[in-house]
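Note that ligands are numbered from 1 as they come in the structure, with each ligand's atoms numbered from 1 the same way. Hydrogens, waters and symmetry mates are skipped; everything else that's a heavy atom, side chains included, is used.
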Amino acid sequence: MRAVGLTRTGGPEVLEVLDLPEPEAGDALVIETAATAVNPVDLATRSGQIPTSLPAVLGWDLAGTVAHAPAGSGFRVGDRVLAMTAQLGTGVGSMAEYVAFDPGFVARVPDGVKLEEAAALPLAGVTATQLLRGTPDRAGKRILLIGAQGGVGAHLAARLLDEPDAHTDLLVRPSDLPAWQERRAGRPGGGAVLTEPGDVRAGSYDIVIDAGGAPALFDAVRPRGAFLTVTPFSAPDPATRPEVAYTLISVELNREDLEDVVEAAARGVAPRPELTVLPFEEAAEAHRRLERGGFRGKLLLVP
Ligand SMILES: NC(=O)c1ccc[n+]([C@@H]2O[C@H](COP(=O)([O-])OP(=O)(O)OC[C@H]3O[C@@H](n4cnc5c(N)ncnc54)[C@H](OP(=O)(O)O)[C@@H]3O)[C@@H](O)[C@H]2O)c1
């Protein structure tokens with residue numbers, strides 16, 4: 001079978017379509033991949049910024065149909081499913097024609113959600129769900145969300161803007177302003193769309209959530225407030241403000257969270273990123289497009 005992977009780290013050119021044996025069925029659920037999504041972690045793994053054992057198949061997100069269902073898994077051949085394989089922790093890359101994975105971490109794709117739409121959801125959606133679980137007490141608070149236009153940020157914004165008791169300001173790039181003013185209009189939560197980090201006053205927020213990578217805005221949270229970030233390579237030093245509750249999120253496998261995300265998509269309340277679909281053979285081009293910055297939506301690779 002074909003799989004997008006690498007035998008050495010480096011620039012996008014190290015990506016290859018590898019020819020690998022199909023995975024052993026056994027106790028694992030085997031998914032015939034319809035689509036996989038490219039995430040920033042794939043770029044960091046490919047470049048060597050995050051160490052991984054080689055050779056490796058890349059990718060965390062996929063959706064497809066069940067090709068083999070072990071007894072007792074609750075799945076049948078042909079079921080439409082999605083999964084987050086957490087490649088760095090499990091060693092299972094999603095960018096392969098067939099992916100064998102623990103059925104306990106696979107969720108069904110409801111009717112009405114296309115497999116390509118589902119493939120765009122897992123890592124970004126599950127990270128946002130787990131981050132919000134880390135900030136339970138949001139009513140009456142002033143919140144700043146940095147990078148609302150990104151994959152994780154859009155899932156967070158979709159949830160926060162529906163909270164009538166919270167005041168959430170969104171910080172986006174200037175070019176994202178019109179789209180985000182439109183999305184924010186008519187939503188129950190209060191708050192504004194900002195584009196200039198320099199306009200953010202020090203100490204003016206109870207909670208700052210960084211889904212983009214703006215460590216300088218650590219200052220924006222008030223003393224005894226909370227700062228949560230998902231960007232380990234662009235995070236402030238928590239020791240510089242010990243009076244702030246600091247959390248660096250590390251996403252974990254969780255089937256219920258995956259189900260919540262795909263069910264939100266079925267109800268039409270999850271973000272619907274514009275999808276750009278390329279074949280496995282154009283994986284290097286996909287990485288180049290993301291690496292340039294300014295890409296919006298989700299880039300999918302299909303077998
Ligand atoms: N810790 C974890 O478990 C975990 C899980 C998932 C993701 N992540 C990390 O979280 C980050 C976001 O992931 P993602 O999938 O959402 O990536 P993404 O879709 O590329 O979104 C990131 C967004 O942040 C924007 N951004 C960067 N710096 C900004 C700033 N100073 N102000 C405003 N916006 C800014 C980017 O805009 P431009 O394109 O214009 O630069 C981009 O739109 C990545 O670093 C990823 O590796 C971590």
May I have the list of side-chain donor-acceptor pairs in residues 53-60 shorter than 3.5 Å, sequence neighbours left out?
none

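- We find the CE-CG distance between Met84 and Asn254 to be 8.5 Å, quoted to the nearest 0.5 Å.
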Per-pair distances, 0.1 Å, donor-acceptor, side chain in residues 65-74, under 3.5 Å, sequence neighbours excluded:
{"residue": "His68", "atom": "NE2", "partner": "Gly26", "partner atom": "O", "Å": "3.3"}
{"residue": "Ser73", "atom": "OG", "partner": "Pro70", "partner atom": "O", "Å": "2.9"}
{"residue": "Ser73", "atom": "OG", "partner": "Phe75", "partner atom": "N", "Å": "3.2"}

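- Residues forming a ring-ring contact (aromatic ring centres under 6.0 Å, His included) with Tyr205 (at least two apart in sequence, or on another chain): none.
- Salt bridge status for Glu274 with Lys298: absent, with no side-chain N to carboxylate O gap under 4.0 Å.
- At a threshold of 4.0 Å, the pair Arg46-Glu291 counts as salt-bridged, since one of the basic side-chain nitrogens sits closer than that to a carboxylate oxygen.
- For ligand 1, the protein residues within 4.0 angstrom (heavy atoms only) are Pro40, Leu123, Thr127, Ile146, Gly147, Gln149, Gly150, Gly151, Val152, Arg173, Ala211, Gly212, Gly213, Ala214, Val230, Thr231, Ile249, Ser250, Val251, Gly293, Gly294, Arg296.
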